[in-house]
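Not measured: the values here are computed from a predicted model.
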Amino acid sequence: MTETLENLSTTYNAREVEKEIYKFWEDNEFFKADNKSKKPPYSIVIPPPNVTGILHMGHALDGTLQDILTRYKRMKGFEALWLPGCDHAGIATQNVIEKELSKQGKTRFDLGREEFLNVTWDWANSHKSRILGQFKTLGASFDLSRTRFTLDEGCSKAVKKVFVDLYNKGLIYKGSYIVNWCPRCQSAISDIETEYETEQGHLWEISYPIKDEMGAIVIATTRPETMFGDVAVAVNPNDYKYKDLIGKKCVIPLVGREIPIIADEYVDKSFGTGALKITPAHDPNDFEVGKRHNLPFIKVIDEQGKMIARSEVHPDVWGLDRYEARKRTVEMLKAHEVLVKIDNHEHNVGKCQRCNTTIEPLLSEQWFVKMEPLAKAAIEKVKDGSIQFIPKRWEKNYLMWMENIRDWCISRQLWWGHQIPAYYHNETKEMVVAMENPDPKNYTQDKDVLDTWFSSGLWPFETMGWPDVESDDYKKFYPTSTLVTGFDIIFFWVARMITMGLEFTGVPPFSTVYIHGLIRDEFGQKMSKSKGNTIDPVLSIEKYGCDAVRFTLANLCTYGGQDIKLSDEKFEFGRNFANKVWNASRFVLMNLESKEQNFDLSNLSIADKWILTKLNQTIKEVNDNLENYRIGEVTTVLYDFFWNCYCDWYVELSKIEKNENVLTYVLDNFLRLLHPVMPHLTEKIWQLMPVKKEEKAIMKSKFPEYNEKFDFEEDSKAMEMVFDAIRSIRNIRQSFNISPSVKVNVKIQGEIELYKKVTNYLKRLARVEEIEFIDDNHTSDKQSASAVVQNSKIIVPLKGLIDIEQEISRQNKKLDKLNQEKNSLQNRINNEKFVNSAPAEVVQKTKDRIQELEAEGQIIKNLIDNLS
RNA sequence: GGGCGUUUAGCUCAGCUGGUAGAGCGUCUCCCUUACAAGGAGAGGGUCGGGGGUUCGAAUCCCUCAACGCCCACCA
C-alpha cells in the first residue's frame with residue numbers, strides 16, 4: 001500500500017486490490033476466531049461443499065451471505081467464527097472415481113476396497129483445497145485453521161458415537177424392507193434421494209386364469225416382468241365384480257404357479273381392472289399388502305436390475321435386464337393370448353438423484369433410523385420458536401415433512417464413507433455394535449457405509465469438538481447462530497441437523513435458519529452442467545471483481561427469498577457501483593488538505609447537516625435490515641445513499657464549499673457500512689484514508705450505529721428544497737434547449753434567508769447568473785414569459801430564450817396533471833366517511849395538498865393566459 | 001391428490017405493519033463541466049394478471065378464477 005493518491009487508477013482494479021487485501025487479512029490472521037474471547041460468540045458453519053465439487057453460483061451466493069453476516073457481526077463486537085469444511089459426498093465422489101477408473105477399463109473391484117479408498121483419499125485431499133481456495137476468491141472470512149472434513153478423525157468419532165448410541169436406544173435397527181435400489185450405484189438410497197419423473201409408459205392388462213374353473217381375472221400392471229414374483233391377486237373387498245372370486249386361486253400365466261385371490265382395502269376399484277397383482281419383493285405398496293396377508297416374498301430381479309434365474313421365473317427371461325425382460329414377457333403373453341389390452345399410461349418413475357437411473361424397489365437388508373421419536377423434539381423446537389426459519393413459510397414445509405416422517409435408510413453399499421460400526425462374529429454371526437471392533441481376529445465389520453447426510457447431520461457439533469463437550473470451541477461456539485442455505489436441502493440436511501443436534505446436545509444446533517433462493521439461468525431454468533447454462537463464478541469474479549459479484553448477488557436476495565434469475569451482465573451493476581465508490585473516494589482523498597481529520601463536527605452548514613442526517617438514516621436502515629436478513633435491501637439502501645446523496649449532491653457541493661471533516665467522516669462511516677458486502681474495496685480505501693483508526697483494518701473496526709444527535713430534520717428538509725429548485729431550473733434549461741454555456745437569471749420569492757445561504761450552489765449547479773429576491777406582491781414577474789417552478793417560488797424569466805408555443809403546451813400539460821391529482825384528492829375530502837375515519841394527520845395532509853395544487857394551478861393558468 | 005410460490009414500466013425485479021407506485025438495465029435529449037463515459041444532467045414509460053369482497057381508502061388484507069413454476073404424496 002505504497003501508492004500515492006494521485007497515481008491511483010481511474011477505474012477500480014478489482015483483481016489486483018482483492019488479491020492484495022485478502023493476503024493482508026490472511027497474514028494478520030484476522031479470520032481466526034478466539035475461543036477464549038470475552039466477546040459474545042457468533043458462529044456459522046458452512047454447508048460443506050462436496051469435495052468433488054467446484055465452486056458454482058449457488059456456493060457463491062451462499063458464501064457471500066454467510067460472509068456478510070460474519071463480517072457484520074465481527075464489526076458489531078462479536079467473536080465471529082465462520083467454520084469452513086467439506087463433505088465427503090459418498091455417492092457423488094465414488095461415482096467420480098469409478099468413472100476415472102472405467103476410463104482405464106477398471107472397476108473398483110479390480111482395485112479392492114483398501115486400494116480404492118487410498119485412491120479416493122488422495123483425490124479428495126487434492127480437491128479439498130481446490131474448492132475452499134475458490135471460496136477464498138469470494139473474499140470468505142472463514143477460519144481456515146478450523147477446516148473440517150466429514151470423514152476426518154473427529155467426525156468419524158462423532159459418527160460412530162451417534163450410531164452406537166442410537167442403536168443402544170433402539171433408534172437404529174437393521175432389517176429386510178423394500179428400499180429404493182439404484183442398479184447403477186449398486187446401493188440402496190433413501191426416499192428423499194429418489195426423485196420422481198413423469199414418463200409415458202403402458203398399462204398392460206393380463207388375464208390370470210382361475211384355478212379349476214372357467215374364466216379368468218384380468219389384472220392391470222405397468223411392470224409385467226414382475227409377474228414372476230407375484231404372490232397374490234388382490235381386489236377390493238367391496239368390489240361386487242370380484243366378490244365370488246375372493247378366496248379362490250388363480251394361475252400366473254407362462255409359469256403356471258398358483259396364487260390366491262385376496263381382498264384388501266388398498267385396491268382401488270376404479271383403477272385399471274380393479275384387480276391388482278401383488279409383488280411384495282418389488283413394490284413398496286405390495287410389500288405392505290404382502291405383510292398384512294402373510295404372503296411370501298419372491299425376489300425375481302437382482303441388484304443389477306437383471307432377472308434372477310430361479311424356478312418361479314420363466315427361463316426365457318433369466319439373466320435379462322429388467323427392460324429386456326419386460327419386452328420378452330409381453331411377447332410371450334401375446335403369444336399365449338393372455339394379454340387383454342395395452343393402454344398408454346403416464347406414470348411417475350423413481351430416479352436416482354445422483355445418476356438418474358430408474359430405481360428398482362427391492363427387498364433388501366438395510367440399516368434404518370427410527371425417525372418418529374427423534375422428530376418430536378425437532379418439531380417442538382421449531383413450533384415454539386427456538387429455531388426460526390427465514391422466510392417463515394419454510395417452517396410449514398419443514399413441519400409437514402417432519403410430521404409425516406418415515407424411517408431413514410442409512411446404509412449404503414458403497415466403499416467411500418463411514419463404515420458402519422457393527423461387527424459380526426465370523427462363526428456365530430453374532431452382531432456387536434460398538435465404537436471399536438471387540439476382537440478383530442474373530443469379528444468382521446459390516447461392509448456397508450453410512451449415508452453421507454448422516455455425518456453432515458452432525459456438522460454443527462462434530463466440528464466444534466463434540467463429543468468432547470468440554471472443548472473450548474464447543475463451549476464458546478456451540479450452538480451456532482445462523483444457518484444459511486438453499487431450500488433444496490431443508491430435508492436432507494437442515495432437518496437432520498436439528499434432530500441430531502437436539503438428541504445429542506440437548507439444544508438446537510442453531511437459532512436461525514436463513515433460507516435463500518436458488519440461482520437459475522436468465523430463463524428461470526436450473527443451472528446445470530449438462531444443460532450448459534451455468535455461469536462460472538470464478539470467471540465472473542475475474543471479469544467483474546469479487547466485490548462486484550458479491551454486491552450484485554446480495555442485491556438480488558429479496559425478502560421473500562425468491563429464486564434468482566442470473567445472467568453474467570447483471571454483475572455490471574456491482575462493478576459500476578464498485579467503480580463509483582472507488583472514484584468518489586479517490587476524489588475525496590485527493591482533495592483533503594489536512595492529513596489528519598479530527599472529526600470536529602461543530603459549525604455545520606445545512607449541506608453538512610443534510611448529509612449527516614442521510615447517513616444516520618442509512619446507518620439505521622442498514623443495521624435493521626441486516627438484523628432482519630433483508631440483504632437485498634441493505635445493498636439498495638447503500639447504493640442509493642452513496643450514489644444519489646453523497647456523490648450526486650454532497651461531493652458536488654464540496655467542490656463549491658467543503659467541510660473536510662464531514663466529507664471524511666461520512667466516507668469513513670459509509671465504508672464501514674459497506675464493508676460486509678464489499679470487503680476488499682472498502683478495506684483498500686480505508687487503508688488509504690488519512691484518519692485516525694482504532695483498528696488496523698476496517699474489517700476489525702466498529703460498525704456504525706444510529707445516533708439521534710445527527711438527525712437534523714429541518715435543515716435537511718430545507719436542503720432538499722434547494723435541490724428541488726436546482727432540479728427545476730435544470731429541467732427548464734433542458735426543456736427549452738438552453739445551451740449549457742448560456743446562464744439564466746432567477747427570481748425567488750420567499751424563503752429568502754434559506755436561498756441567500758445557497759446562492760453559490762444555485763449559480764454553480766444550475767448555471768444561474770443572477771438571483772433576485774422578490775416579495776409576495778411581485779406577481780407581474782410570474783405573468784411575463786417565464787418558467788415557474790417550485791410551487792411558483794422560483795421564476796426563470798425566459799424572454800428571448802424560448803418558444804412561446806412550446807411553453808404554453810408544456811404548461812397545459814402540467815396543469816392537466818395537477819388537476820387530475822386535485823380532483824382525486826377533492827373527491828376524497830368531500831367524502832364524509834374519509835374525513836371521519838381517516839387519521840387527522842392524513843386528512844390535514846390531503847387538505848394542504850389541495851391548497852397547494854390550487855395555488856399552483858391558478859398561477860399556471862394566469863401564466864398561460866399571459867403567454868397567449 | 002395435498003401444500004407453496006410467482007404474475008407490478010420494454011426487460012429483470014423491489015415495494016415490511018393498507019394512505020393512488022420505485023430501482024437497475026434499455027429508450028429519448030443534452031453534455032468529454034479536471035473523481036468516475038463502468039460517468040454527468042434531464043425526460044418518457046405502469047388502469048400493479050382477471051373478477052368479486054372488506055375499508056373512508058387496496059399493488060398491499062379476504063374470496064375466486066387463470067397462467068406459469070416448485071415441493072410433497074406415488075393408484076398398480
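- With hydrogens and angles ignored, the 3.5 Å screen pairs no side-chain donor or acceptor of R575(A) with any backbone N or O of G545(A).
- Applying the 4.0 Å criterion to OP1 and OP2 of C75(B), one finds that Y266(A) has a side-chain N or O inside that range.
- When the C1' atom is used for both G45(B) and U8(B), the distance is 13 Å, rounded to whole Å.
- The side chain of N579(A) lies closest to A38(B), out of A38(B), A35(B), A76(B).
- Out of A14(B), G42(B), C56(B), the shortest distance to the side chain of S837(A) is found at C56(B).
- The interatomic distance linking Y559(A) (OH) with U17(B) (P) rounds to 7 Å, in whole Å.
- Atom C1' of nucleotide C36(B) and atom CD1 of I685(A) are separated by 12 Å, given to the nearest angstrom.
- Nucleotides U47(B) and A21(B), compared at atom P, are 13 Å apart to the nearest Å.
- At the heavy-atom level, V267(A) lies under 4.0 Å from base atoms of the strands shown.
- The same atom, C1', is picked in C62(B) and in G18(B); the two are 13 Å apart, to the nearest Å.
- The side chain of Q562(A) places an N or O atom within less than 4.0 Å of a non-bridging phosphate oxygen (OP1 or OP2) of U6(B).
- For Q734(A), counting side-chain heavy atoms from C-beta on, the closest listed nucleotide (G42(B), C31(B), A35(B)) is G42(B).
- Between R730(A) and G42(B), a side-chain N or O to OP1/OP2 separation shorter than 4.0 Å is present.
- Checked against C36(B), A14(B), A73(B), the side chain of N348(A) finds its nearest nucleotide in A73(B).
- The side chain of T10(A) places no N or O atom within less than 4.0 Å of a non-bridging phosphate oxygen (OP1 or OP2) of A35(B).
- When the side-chain nitrogen and oxygen atoms of H345(A) are compared with OP1 and OP2 of A76(B), one or more of them lie within a distance under 4.0 Å.
- Look at K833(A) and you won't find any side-chain N or O under 4.0 angstrom from OP1 or OP2 of U55(B).
- Tested against T635(A), the residues T552(A), N555(A), L553(A) include a single side chain to side chain contact (heavy atoms under 4.5 Å, CB included) partner, N555(A).
- Comparing the C1' positions of U6(B) and A76(B) gives a spacing of 35 Å, expressed to the nearest Å.
- The residue F577(A) sits apart from the nucleic acid: no heavy atom pair falls under 4.0 Å.
- In this structure, of G19(B), A76(B), C36(B), it is C36(B) that holds the atom nearest to the side chain of E652(A).
- In this model, the phosphate group of C16(B) is not approached by any side-chain N or O of N628(A) to a distance below 4.0 Å at OP1 or OP2.
- The side chain of H347(A) approaches A76(B) more closely than any other nucleotide in the set A14(B), G24(B), A76(B).
- At the heavy-atom level, K580(A) lies under 4.0 Å from base atoms of the strands shown.
- Using a 4.0 Å cut-off between charged side-chain N and carboxylate O, D521(A) and K565(A) make no salt bridge.
- Looking at the side chain of R520(A), the nearest of the listed nucleotides C70(B), U12(B), C36(B) is C70(B).
- When each of A14(B), A38(B), A35(B) is scored by its nearest atom to the side-chain atoms of T558(A), the top-ranked nucleotide is A14(B).
- The separation of C65(B) from U29(B), taken at their C1' atoms, amounts to 45 Å, rounded to a whole angstrom.
- The interatomic distance linking N404(A) (CG) with G1(B) (C1') rounds to 14 Å, in whole Å.
- Nucleotides U12(B) and G46(B) are separated by 15 Å at their C1' atoms, to the nearest Å.
- The main-chain N or O of R727(A) is never found under 3.5 Å from a side-chain atom of N731(A) such that the two would form a donor-acceptor pair.
- Note on D648(A): only backbone sugar-phosphate atoms sit closer than 4.0 angstrom, heavy atoms only; bases stay farther off.
- Following rounding to the nearest Å, I359(A) (CD1) and C74(B) (P) show an atom-to-atom distance of 14 Å.
- Of all nucleotides listed (A73(B), G42(B), A35(B)), A35(B) comes nearest to the side chain of N583(A).
- Note on K655(A): every side-chain N or O is 4.0 Å or more away from OP1 and OP2 of U33(B).
- Of the candidates W649(A), Y650(A), Y761(A), W649(A) is the only one forming a ring pair (Phe, Tyr, Trp, His ring centres under 6.0 Å) with F723(A).
- Between N285(A) and C74(B) there is no side-chain polar atom (N or O) within less than 4.0 angstrom of OP1 or OP2.
- The side chain of K396(A) places an N or O atom within less than 4.0 Å of a non-bridging phosphate oxygen (OP1 or OP2) of C4(B).
- Rounded to whole Å, atom P of A73(B) lies 10 Å from atom CG of N180(A).
- Base contact: F271(A) has a heavy atom under 4.0 Å from a base atom.
- Looking at T279(A) and K277(A), their side chains do bring a donor and an acceptor atom within 3.5 Å of each other.
- A parallel orientation is assigned to the rings of F642(A) and F670(A), their planes being inclined by less than 30° (bins at 30° and 60°).
- Residue-level contact check: R764(A) touches neither bases nor backbone, having no heavy atom under 4.0 Å from any strand.
- Listed pair W643(A) / C36(B) fails the phosphate criterion, with no side-chain N or O lying under 4.0 Å from OP1 or OP2.
- To the nearest whole angstrom, the two P atoms, one in U27(B) and one in G50(B), are 29 Å apart.
- Within 4.0 Å (heavy atoms only), Y196(A) reaches at least one base atom of the nucleic acid.
- No side-chain donor from either of N236(A) and D264(A) sits under 3.5 Å from a side-chain acceptor of the other.
- Nucleic acid contact class of R630(A) (heavy atoms, under 4.0 Å, all strands): base.
- Only the C1' atoms considered, G19(B) is 10 Å distant from A58(B), to the nearest whole Å.
- The nearest heavy atom of RNA chain B to P740(A) and to R393(A) marks one nucleotide each, and the one closer to the 5' end goes with R393(A).
- Along RNA chain B, the nucleotide closest to R727(A) and the one closest to C647(A) are compared, and the more 5′ of them pairs with C647(A).
- Dashed line: the shortest gap from a side-chain N or O of N591(A) to OP1 or OP2 of A35(B) is not under 4.0 Å.
- Ring geometry, F389(A) versus Y398(A): the interplanar angle falls from 30° to 60°, so the pair is classed tilted.
- When distances run from any side-chain atom of T221(A) to the nucleotides G3(B), A76(B), A14(B), the shortest one goes to A76(B).
- Residue-level contact check: K570(A) touches the backbone only, with heavy atoms under 4.0 Å from sugar-phosphate atoms and none from bases.
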